[in-house]
Peer 1: 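One structure follows; several queries about it will come next.
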Amino acid sequence: MSAIFSHCTPITSDKAASLSSSFSGHDLWRSAQLPRKFCSTISVSSPASSPALRSWIACQISSSAAATSPLSSSVNVQAKSGQKDFLHISDFDKATILKILDQAAEVKALLKSGDRTFLPFKGKTMAMIFAKPSMRTRVSFETGFSLLGGHAIYLGPDDIQMGKREETRDVARVLCRYNDIIMARVFAHQDILDLAKYATVPVVNGLTDYNHPCQIMADALTIIEYIGHLEGTKVVYVGDGNNIVHSWLLLASVIPFHFVCACPKGFEPDEQTVEKARKAGISKIEITNDPKEAVRGADVVYSDVWASMGQKEEAAHRRQVFKDFQVDENLMKLAGPKAYFMHCLPAERGVEVTDDVIEAPNSIVFPQAENRMHAQNAIMLHLFGL
């Protein structure tokens, strides 16, 4: 990193210790309204901080009078050894997941402060493959990458037709010659696995029919912000045992909390994924067909659409099967007054969730949506080794 920040005065461990404060990711998020130079009070010795952010803070402290950005030149750091891609949350250990979440809180606070001089992605490009369209995924990745100095390229369903017009392995080997990172939102999970297999740059899973790891990282960040911690909480998902549930189960195989999936019979999550989470012995895992009993004592009640993209022809049938699994005011009352409501969006108001619930004071749906960008920025910082 010394070559990247060669114009900055190096900061020694003794000097770093003297600058130490009590800020952690959650405290830093809450301090987002501090003035632009608030970073001078942040501990640069915290092991949770990303190297790029620590070096940027050190530069701000040592040369606060400088007129130019400390990251005005392109950052060309190769990914560190270890996990190259972000495909499943369970590919990472607890310490790494918590580190990424802490980085997300730090960079979120920086962006909230109005500072736009932290540009670790400057000179980098990201290819975004969309077999499935999405507002949140596109805007959160494209905006987030841009705010940190990079350039994102949108490739829609008709631009590539991956697997039809061109084989996935060929797409991977071409795109990685133009871009520093690839994000893909696809149907078949095998497509993301094939992209990662053949690409020589990091690949991020923006969603597959099997799982949605970026969403659950944003959810975990939101829970930490509002409850103060993820470990030991009770998260109750009500609805279809889909890709969101699979990602919650994979997170529960790494970080200890109580996860309950309440779904109709025949719509349970993948048995192997449930077994993986249970065998890990980390969290309490329950699969039930009784939503009323499931939500009692919940810290979070979570919902999703009953018919996802590619299932719309089943929508009418699913509405009948799922009619007792709507999250309404009565179900939230059973959960208790402290329970938060979460939804990964888009929501079909009046179907899986009532308007009163999604607009209630304890609904954190929109902060949850915002955190997609911050969680994803931190994931990409980690994959770049920054």
Peer 1: Going by atom types alone, do T288 and D290 pair a side-chain donor with an acceptor below 3.5 Å?
Peer 2: no
Peer 1: Check the pair V204 / D85 against side chain to side chain contact (heavy atoms under 4.5 Å, CB included), numbers first and verdict last.
Peer 2: CA-CA 6 Å; V204 179; D85 309 300; over 6 Å; no
Peer 1: Before giving the answer on salt bridge (charged side-chain N to carboxylate O under 4.0 Å, His left out), spell out for E352 and R319 the whole-Å C-alpha distance, their side-chain angles and the decisive distance to 0.1 Å.
Peer 2: CA-CA 9 Å; E352 77 273 4; R319 286 194 183 197; over 6 Å; no
Peer 1: Please report the closest heavy-atom contact between A196 and V203, naming both atoms and the distance.
Peer 2: CA-CG2, 3.8 Å
Peer 1: Please tell me if the side chains of V254 and I282 come closer than 4.5 Å, counting only heavy atoms from C-beta onward.
Peer 2: no
Peer 1: Considering residues, nucleotides and ligands other than F366, do more than 12 of their heavy atoms fall under 6.0 Å from its CZ?
Peer 2: yes
Peer 1: For F130, does the six-membered ring have the charged nitrogen or CZ of R138 within the cation-pi criterion, i.e. under 6.0 angstrom from the centroid and within 45° of the normal?
Peer 2: no
Peer 1: Considering all heavy atoms of both residues, which atom of A378 and which atom of A104 are nearest to each other, and what is their separation?
Peer 2: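 Of all heavy-atom pairs spanning A378 and A104, the closest is CB-N, 3.5 Å.
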Peer 1: Any side-chain donor-acceptor pair under 3.5 Å between Y302 and D219?
Peer 2: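 The answer is yes; a qualifying pair exists.
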Peer 1: Mind running side-chain hydrogen bond (donor to acceptor under 3.5 Å, both in side chains) on H258 and E286 for me, showing each step along the way?
Peer 2: CA-CA 8 Å; H258 183 183; E286 293 184 84; 2.5 Å; yes
Peer 1: Ignoring hydrogens and geometry beyond distance, is a side-chain donor-acceptor pair present between R372 and T137 at under 3.5 Å?
Peer 2: yes
Peer 1: Work out which heavy atom in F257 is nearest to a heavy atom in A252; give both atom names and the distance.
Peer 2: CE2-CA, 3.6 Å
Peer 1: For the pair K234 (side chain) and R296 (backbone), establish whether a donor and an acceptor sit closer than 3.5 Å, ignoring hydrogens and angles.
Peer 2: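 Confirmed, K234 side chain pairs with R296 backbone.
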Peer 1: Could you see if L155 belongs to whatever hydrophobic cluster contains L207? Use Ile, Leu, Val, Met, Phe, Trp, Tyr and a side-chain cutoff under 4.5 Å.
Peer 2: no
Peer 1: So, are D355 and R349 salt-bridged, with charged N and O less than 4.0 Å apart?
Peer 2: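 Looking at D355 and R349, the cut-off is met.
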Peer 1: One pair to check against salt bridge (charged side-chain N to carboxylate O under 4.0 Å, His left out): R173 and D170. What are the steps and the verdict?
Peer 2: CA-CA 5 Å; R173 287 183 286 192; D170 293 344; 3.3 Å; yes
Peer 1: Give the C-alpha distance, both sets of side-chain angles, the deciding distance and a yes or no for side-chain hydrogen bond (donor to acceptor under 3.5 Å, both in side chains) between T354 and D356.
Peer 2: CA-CA 5 Å; T354 60; D356 290 342; 5.4 Å; no
Peer 1: State, to 0.1 Å, how close A339 and A298 come at their nearest heavy-atom pair, and which atoms those are.
Peer 2: CB-O, 3.4 Å
Peer 1: Measure from the side-chain N and O atoms of D180 to the backbone N and O of T125, and report whether any donor-acceptor pair falls under 3.5 Å.
Peer 2: yes
Peer 1: Is atom CZ of R278 surrounded by more than 12 heavy atoms (other residues, nucleotides or ligands) closer than 6.0 Å?
Peer 2: yes
Peer 1: Side chain to side chain contact (heavy atoms under 4.5 Å, CB included) for Q368 and I223? Distances and angles first, verdict last.
Peer 2: CA-CA 9 Å; Q368 175 189 1; I223 289 172; over 6 Å; no
Peer 1: Which class fits the ring pair F145 and F384: parallel under 30°, tilted 30 to 60°, perpendicular over 60°?
Peer 2: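 Rings of F145 and F384: tilted, 30 to 60°.
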Peer 1: With distance as the sole test, does S113 use its side chain to make a donor-acceptor pair with the main-chain N or O of L110 at under 3.5 Å?
Peer 2: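 Yes.
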Peer 1: Testing the 3.5 Å rule here: is there a donor-acceptor pair between the side chains of N371 and K108?
Peer 2: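 There is such a pair between these side chains.
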Peer 1: Are M162 and L193 connected into the same hydrophobic cluster when the rule is that any two of I, L, V, M, F, W, Y join if their side-chain heavy atoms are below 4.5 Å apart?
Peer 2: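 L193 clusters together with M162.
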Peer 1: Kindly compute the distance separating CG (D270) from CD (E275), expressed to the nearest 0.5 Å.
Peer 2: 11.0 Å
Peer 1: Roughly how far, to the nearest 0.5 Å, is the CD1 atom of I129 from the CG atom of D159?
Peer 2: 10.5 Å
Peer 1: Is a donor on one side and an acceptor on the other found under 3.5 Å between the side chain of T222 and the backbone of A218?
Peer 2: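 Checked: pair present.
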Peer 1: Mark yes or no for whether N362, through its side chain, and Y340, through its backbone, hold a donor-acceptor pair below 3.5 Å.
Peer 2: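 No: the side chain of N362 does not pair with the backbone of Y340.
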Peer 1: Do Q103 side-chain atoms and L101 backbone N/O form a donor-acceptor pair below 3.5 Å?
Peer 2: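 Side chain of Q103 to backbone of L101: no pair is present.
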Peer 1: Below 4.5 Å, heavy atoms only, C-beta onward: do N205 and C214 meet side chain to side chain?
Peer 2: no
Peer 1: In the structure I gave you, are the side-chain heavy atoms of M128 and E142 within less than 4.5 Å of one another anywhere?
Peer 2: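 Yes; the side chains approach each other to less than 4.5 Å.
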Peer 1: Are the side chain of K84 and the backbone of V201 linked by a donor-acceptor contact shorter than 3.5 Å?
Peer 2: yes
Peer 1: With a 4.5 Å heavy-atom cut-off, do K276 and L250 have their side chains touching?
Peer 2: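 Heavy-atom side-chain distance check passes, below 4.5 Å.
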Peer 1: Hey, are the side chains of I255 and E231 touching, using non-hydrogen atoms and a 4.5 Å cut-off?
Peer 2: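 In short, these two side chains touch, coming nearer than 4.5 Å.
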Peer 1: For D209 and N243, which I'm curious about, is there any donor-acceptor pair between the side chains at under 3.5 Å?
Peer 2: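 D209 vs N243: no donor-acceptor pair found between side chains.
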Peer 1: Is it the case that the side chain of N242 and the backbone of I244 share a donor-acceptor pair, with hydrogens and angles ignored and the cut-off at 3.5 Å?
Peer 2: yes
Peer 1: Could you check whether any side-chain heavy atom of Y198 comes within less than 4.5 Å of a side-chain heavy atom of V171, counting everything from C-beta outward?
Peer 2: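 Heavy-atom side-chain distance check fails, nothing below 4.5 Å.
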Peer 1: Kindly determine whether S303 and F341 satisfy side chain to side chain contact (heavy atoms under 4.5 Å, CB included), including the steps that lead there.
Peer 2: CA-CA 8 Å; S303 185; F341 175 71; 3.9 Å; yes
Peer 1: Salt-bridged, K292 to D324, with N to O below 4.0 Å?
Peer 2: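 No.
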Peer 1: About how many Å separate OG1 of T143 and CD of Q376, when rounded to the nearest 0.5 Å?
Peer 2: 10.5 Å
Peer 1: If you take all heavy atoms of M126 and N179, which pair is closest and at what distance?
Peer 2: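 Here M126 and N179 meet closest at C-OD1, 3.8 Å.
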Peer 1: Within a strict 4.5 Å, meaning less than it, do heavy atoms of the T273 and E271 side chains meet?
Peer 2: no
Peer 1: State, with a plain yes or no, whether a side-chain heavy atom of K265 is found less than 4.5 Å away from one of V321.
Peer 2: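 In short, these two side chains do not touch, never coming nearer than 4.5 Å.
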Peer 1: I'd like to know if I358 and V327 are part of one continuous hydrophobic network [Ile/Leu/Val/Met/Phe/Trp/Tyr, side-chain heavy atoms within less than 4.5 Å].
Peer 2: yes
Peer 1: Tell me if a side-chain donor or acceptor on Q326 pairs with a main-chain N or O of V351 at a distance below 3.5 Å.
Peer 2: yes
Peer 1: Looking at S140 and R136, would you say the former's side chain and the latter's main chain have a donor-acceptor pair under 3.5 Å?
Peer 2: yes
Peer 1: Shared ILVMFWY cluster between V139 and I379, side chains joined below 4.5 angstrom?
Peer 2: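 As far as the 4.5 Å side-chain criterion goes, I379 and V139 are not connected within one cluster.
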Peer 1: Show the numbers, then the answer: is there a side chain to side chain contact (heavy atoms under 4.5 Å, CB included) between V245 and E268?
Peer 2: CA-CA 9 Å; V245 176; E268 293 86 358; over 6 Å; no
Peer 1: Mind listing the closest non-hydrogen atom pair of A294 and A262 along with its distance?
Peer 2: CB-CB, 3.9 Å
Peer 1: Please check if Y154 and Y178 belong to a single hydrophobic cluster, counting links between Ile, Leu, Val, Met, Phe, Trp and Tyr side chain heavy atoms closer than 4.5 Å.
Peer 2: no
Peer 1: My understanding is that only one of Y237, Y210, F259 makes a ring-ring contact (aromatic ring centres under 6.0 Å, His included) with H246; could you say which?
Peer 2: Y210
Peer 1: Are the aromatic rings of H189 and H88 close, with centres under 6.0 Å apart?
Peer 2: yes
Peer 1: Between CD of E370 and CD1 of I364, what distance do you get to the nearest 0.5 Å?
Peer 2: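 The CD atom of E370 sits 12.5 Å away from the CD1 atom of I364.
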